[in-house]
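Chain letters run A, B, ... following the sequence lines, proteins first, then strands; residues in each count from 1. Note: hydrogens, waters and symmetry copies are ignored here, and every other heavy atom, side chains too, is used.
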Protein chains: 2
Amino acid sequence: MNIRELALRSGVSTATVSRALNDRAEVSEATRDRIRRLASELGYAPNEPARTLVRRRSDTIGLVWDTGYETLGFQHPFLQGLLSAVRNALSEADYHLMLLTTSGPGDADTTYLQAVRRHNLEGVVVLGTPADNRALRALAASDVPCSGIDVALSGPRTVRVTSDNAAGAAAAVEHLYAQGHRRIATVTGPLYLPPAAERLAGFRQACARLGLDVPPEYVVTGDFFLNSGQDAVRTLLATEQPPTAVFAAGDQMAIGALHAAADAGLSVPGDLAIVGFDDIDAASLVRPALTTVAQDQRALGSAAVKALRGLLDADPAEPAEPWIVPTRLVVRASSRPGA
Amino acid sequence: MNIRELALRSGVSTATVSRALNDRAEVSEATRDRIRRLASELGYAPNEPARTLVRRRSDTIGLVWDTGYETLGFQHPFLQGLLSAVRNALSEADYHLMLLTTSGPGDADTTYLQAVRRHNLEGVVVLGTPADNRALRALAASDVPCSGIDVALSGPRTVRVTSDNAAGAAAAVEHLYAQGHRRIATVTGPLYLPPAAERLAGFRQACARLGLDVPPEYVVTGDFFLNSGQDAVRTLLATEQPPTAVFAAGDQMAIGALHAAADAGLSVPGDLAIVGFDDIDAASLVRPALTTVAQDQRALGSAAVKALRGLLDADPAEPAEPWIVPTRLVVRASSRPGA
DNA sequence: CTGAAAGCGCTTACAG
DNA sequence: CTGAAAGCGCTTACAG
């Protein structure tokens, strides 16, 4: 069933069918309704490749989801929910979604860009990928609109979407302060990563605002993985004036902190309160359940899509402002004295 | 840059360019090499929609990833890794991947099927979706080849890919037996789900083989979520002859079991050994770290792709055999006495 | 081994 | 408001 058959059956030309189906103003209401009814009766579905060919646009967005082959390094703890959110936001905006890959470990040079050209993709959303790969750099440097969630893409038509890391960290500190804590330490992520740096900045600002002293030994650098959190808290507990609360800039590190506290015979939150960041699945599974700064995956996904659409309409000359998405503090047992 | 320009620059016809780029036998080696070199110099990328239009095939596979809008119910604990695996396997086989959605909560009738027709998709991989939705049923019932990972699709050209649940459960029992346990209980998933039923069957078979008695109260039905595991173990510990080991058919339930043991003042694995299934992230984050039957996500992904390709070539009349992927027991502290 | 031509299924000026 | 015609960028019999 193609448009010609449908035209024959409706007794009009293919041009009229096309106009009816695409809701063009020129077609009379009666004809339009008749054709549409017939189309859905016959189960007619327009051939998208043909439409793309002639319209020179595909209504399709590409998705870069990780660095291809075997990079385990830094992975978003919640890529899954993020992907759903992006998918939903995109389909609400009537876009299709194509998953992009670099074909293999080696030749990953302009593969993303090639895919974009080949399929007439209108833009790309980049999720939780280390930005240091050639294919991605080439893509960002091109004129293809790219929206990166927690990825700082550098290029003429790129935009970054991120949680409000600073405000989230500050909320964690304020919460601990409200519980009576005055000696609050932090375990950071690798500071060359923007989210890690921003969370630390938010931590410092909040402490300053509240008049809390942050001795240098209260800031320990981790790597977002469990062991680094455990080591960091071990170190913190060995200081002369150990903290009574720790803000870990990622949930895995916070869980490591939980383990270190247990190893030291400390009760959480009684002897040491702990707050994480992200709200990964494990945060609500461990014991005590982890208080954490939750990222709003759905909002991130829809912001990424909105940001991308902004890019599509915008003047390419003007750099796009980053989109900052609010976080939400989820208080659980690891910081709640009453628990 | 399109094929006409490239043809002009190479001094041959578009037909010859097409043949060279598609590696047809009729073209002379010299011409082919010259054209290919020029193409990559000029950064020529063929227009896929145009190719799809004329070839009537898109080299693209669709992916159904969940039931669209807001179904939280049963979610694969590791959809993320699975998706990467499918993506990699597909791109190795030179297929592109399109993410499919039902447009919204209501009108999800033939949306998947429509998308397949519109985009000329050659098949669909279905991941961790409750199969009880109309769009998916319509898709499975059609002549579109569908490969479901842990989803039993019913239709003429469908195939199921799944972990070897029975063998995995049996391996868990054998491991516990080898540690000296003779009173082993299980917490199952909802038994209308094939994986849950198969894990229980494997558990029973292994017990029978080893001559272990399984009193009825040693089989408790859960729902794959944490609380049900916790409740189940509470119940088990209240029996006259409490088990010394528990096999939980999912990691979340196993973590719940850990909590129940802790609540009862029991040490794990000393007083109660616990083994889970899946190897979700949290399994290695909790304490004691969880012994579990790991599903091989990469193998599942590539099996899904192979199964789908098998379907593409196969005689539609013959029902496809399910693909069964081996699991791997990951021994951690929750069952290792020495730990 | 190569080229001229037809055609894949649509959309969109252009003319009426 | 509608139709005839051109054309989007490719591939593939067909002829040579």
Side-chain angles (χ1 to χ4, degrees), chain A residues 1-40 42-60 94 96 114-122, chain B residues 1-40 42-60 94 96 114-122:
Chain A
M1 169 62 55
N2 60 25
I3 200 174
R4 268 187 63 206
E5 274 188 68
L6 185 54
L8 284 176
R9 303 234 199 178
S10 357
V12 294
S13 69
T14 58
T16 300
V17 171
S18 170
R19 286 189 274 246
L21 263 25
N22 288 298
D23 236 347
R24 292 254 168 290
E26 321 104 289
V27 84
S28 86
E29 211 174 314
T31 348
R32 198 196 57 202
D33 291 352
R34 188 164 48 81
I35 293 175
R36 299 199 142 207
R37 209 170 321 115
L38 198 59
S40 84
L42 300 174
Y44 168 74
N47 180 310
E48 289 295 339
R51 296 188 77 217
T52 298
L53 183 57
V54 57
R55 295 169 63 223
R56 298 155 149 274
R57 52 173 298 178
S58 61
D59 296 324
T60 302
D94 273 318
H96 306 125
Q114 289 252 1
V116 168
R117 307 278 186 226
R118 286 163 62 132
H119 293 102
N120 270 286
L121 305 182
E122 298 176 23
Chain B
M1 169 63 52
N2 60 26
I3 200 175
R4 269 187 62 206
E5 274 187 68
L6 184 54
L8 284 175
R9 302 235 199 176
S10 356
V12 293
S13 70
T14 59
T16 299
V17 171
S18 170
R19 286 190 275 248
L21 263 25
N22 287 297
D23 234 348
R24 291 256 169 286
E26 321 102 288
V27 85
S28 84
E29 213 174 312
T31 347
R32 198 196 57 201
D33 291 351
R34 187 163 49 81
I35 294 175
R36 297 197 145 210
R37 209 170 319 114
L38 198 59
S40 84
L42 299 174
Y44 167 75
N47 180 310
E48 288 295 338
R51 296 188 78 218
T52 298
L53 183 56
V54 59
R55 297 171 59 226
R56 296 156 149 274
R57 52 173 300 177
S58 61
D59 296 323
T60 302
D94 273 319
H96 307 125
Q114 289 252 0
V116 168
R117 307 279 187 225
R118 285 162 63 133
H119 293 101
N120 272 284
L121 304 182
E122 297 175 25

Compare all side-chain heavy atoms of [X] with those of [Y] and state whether any distance is below 4.5 angstrom.
X	Y	value
B:E48	B:H96	yes
B:N47	A:L53	yes
B:V12	B:R34	yes

How long is the line joining [atom1] of [X] and [atom2] of [N], in whole Å?
X	N	atom1	atom2	result
A:I35	D:dT2	CD1	P	8 Å
B:L6	C:dG3	CG	P	13 Å
A:R51	D:dC10	CZ	P	20 Å
A:N120	C:dC10	CG	C1'	14 Å
B:R118	C:dC10	CZ	P	11 Å
A:L8	D:dG3	CG	P	12 Å
A:R117	D:dC10	CZ	P	14 Å
A:H119	D:dG9	NE2	P	16 Å

Under 3.5 Å between N/O atoms: give me all the protein pairs with nucleotides 13-16 of chain D, atom names plus distance.
unit_1 : atom_1 : unit_2 : atom_2 : d
D:dA13 : N6     : B:R19  : NH1    : 3.4

How close do [X] and [Y] get, heavy atom to heavy atom, and via which atoms?
X	Y	answer
B:Y44	A:Q114	O-OE1, 4.5 Å
B:A7	B:V17	CA-CG2, 3.7 Å
A:H119	B:P49	CA-CD, 4.4 Å

* To do: Please test B:L42 against B:L6 for side chain to side chain contact (heavy atoms under 4.5 Å, CB included), starting from the C-alpha separation and ending with a verdict.
  => CA-CA 8 Å; B:L42 299 174; B:L6 184 54; 3.9 Å; yes

* To do: Could you give me the stems involving DNA chain C, meaning stretches of three or more consecutive Watson-Crick or G-U wobble pairs whose two defining distances are both below 3.5 Å?
  =>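 So the stems come out as C:1-3 with D:14-16, C:5-12 with D:5-12, C:14-16 with D:1-3.
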
* To do: Please determine if a side-chain N or O atom of A:Y44 lies less than 4.0 Å away from the OP1 or OP2 oxygen of C:dG9.
  =>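 So the side-chain polar atoms of A:Y44 never come under 4.0 Å of the phosphate oxygens OP1 or OP2 of C:dG9.
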
* Asked: Does the side chain of A:T16 get closer than 4.0 angstrom to OP1 or OP2 of D:dG3 through an N or O atom?
  ->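 Yes.
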
* Asked: Sequence neighbours excluded, which residues qualify as side chain to side chain contact (heavy atoms under 4.5 Å, CB included) partners of A:V54?
  ->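 Per chain and number, A:V54 pairs via side chain to side chain contact (heavy atoms under 4.5 Å, CB included) with no residue.
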
With distance as the sole test, does [X] use its side chain to make a donor-acceptor pair with the main-chain N or O of [Y] at under 3.5 Å?
X	Y	result
A:N2	A:E5	yes
A:S58	A:N120	yes
B:R57	B:E122	no

Expected rows: protein N/O vs nucleotides 6-8 of chain D N/O, under 3.5 Å:
unit_1 : atom_1 : unit_2 : atom_2 : d
D:dC8  : O3'    : A:R56  : NH2    : 2.9

* Asked: If you measure only the distance, is there a donor-acceptor pair under 3.5 Å linking the side chains of A:R55 and A:N22?
  ->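 Judged by distance alone, the side chains do not pair up.
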
* Residue A:R9 excluded, over 12 heavy atoms near CZ under 6.0 Å ->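 For A:R9, atom CZ is not crowded (no more than 12 foreign heavy atoms under 6.0 Å).
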
In whole angstrom, give me the gap between the [atom1] atoms of [N] and [M].
N	M	atom1	result
D:dT11	D:dA15	P	22 Å
D:dG16	D:dT12	C1'	16 Å
D:dA5	D:dC1	P	24 Å

* Asked: Of the options A:L21, A:T16, A:D23, which is the one that meets A:R19 in a side-chain contact (heavy atoms from CB on, under 4.5 Å)?
  ->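 When side-chain contact (heavy atoms from CB on, under 4.5 Å) is applied between A:R19 and each of A:L21, A:T16, A:D23, only A:T16 qualifies.
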
* **With B:T31 via side chain to side chain donor-acceptor pair (under 3.5 Å) - residues at least two apart** =>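 Per chain and number, B:T31 pairs via side chain to side chain donor-acceptor pair (under 3.5 Å) with B:S28.
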
* To do: Identify, between B:R32 and A:M1, the residue whose nearest nucleotide on DNA chain C lies closer to the 5' end.
  =>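 Counting from the 5' end, the first nearest nucleotide belongs to B:R32.
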
* **Residues touching DNA chain C, which here means a heavy atom under 4.0 Å, drawn from residues 21-29 of chain A** =>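 Under 4.0 Å from DNA chain C: A:N22, A:R24.
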
* Per A:I3 side chain, nearest of listed nucleotides D:dT12, C:dG3, C:dT11 ->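 From the listed options, C:dT11 comes nearest.
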
* Base, sugar-phosphate, or nothing for A:T31, non-hydrogen atoms under 4.0 angstrom? ->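 Result for A:T31 = sugar-phosphate.
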
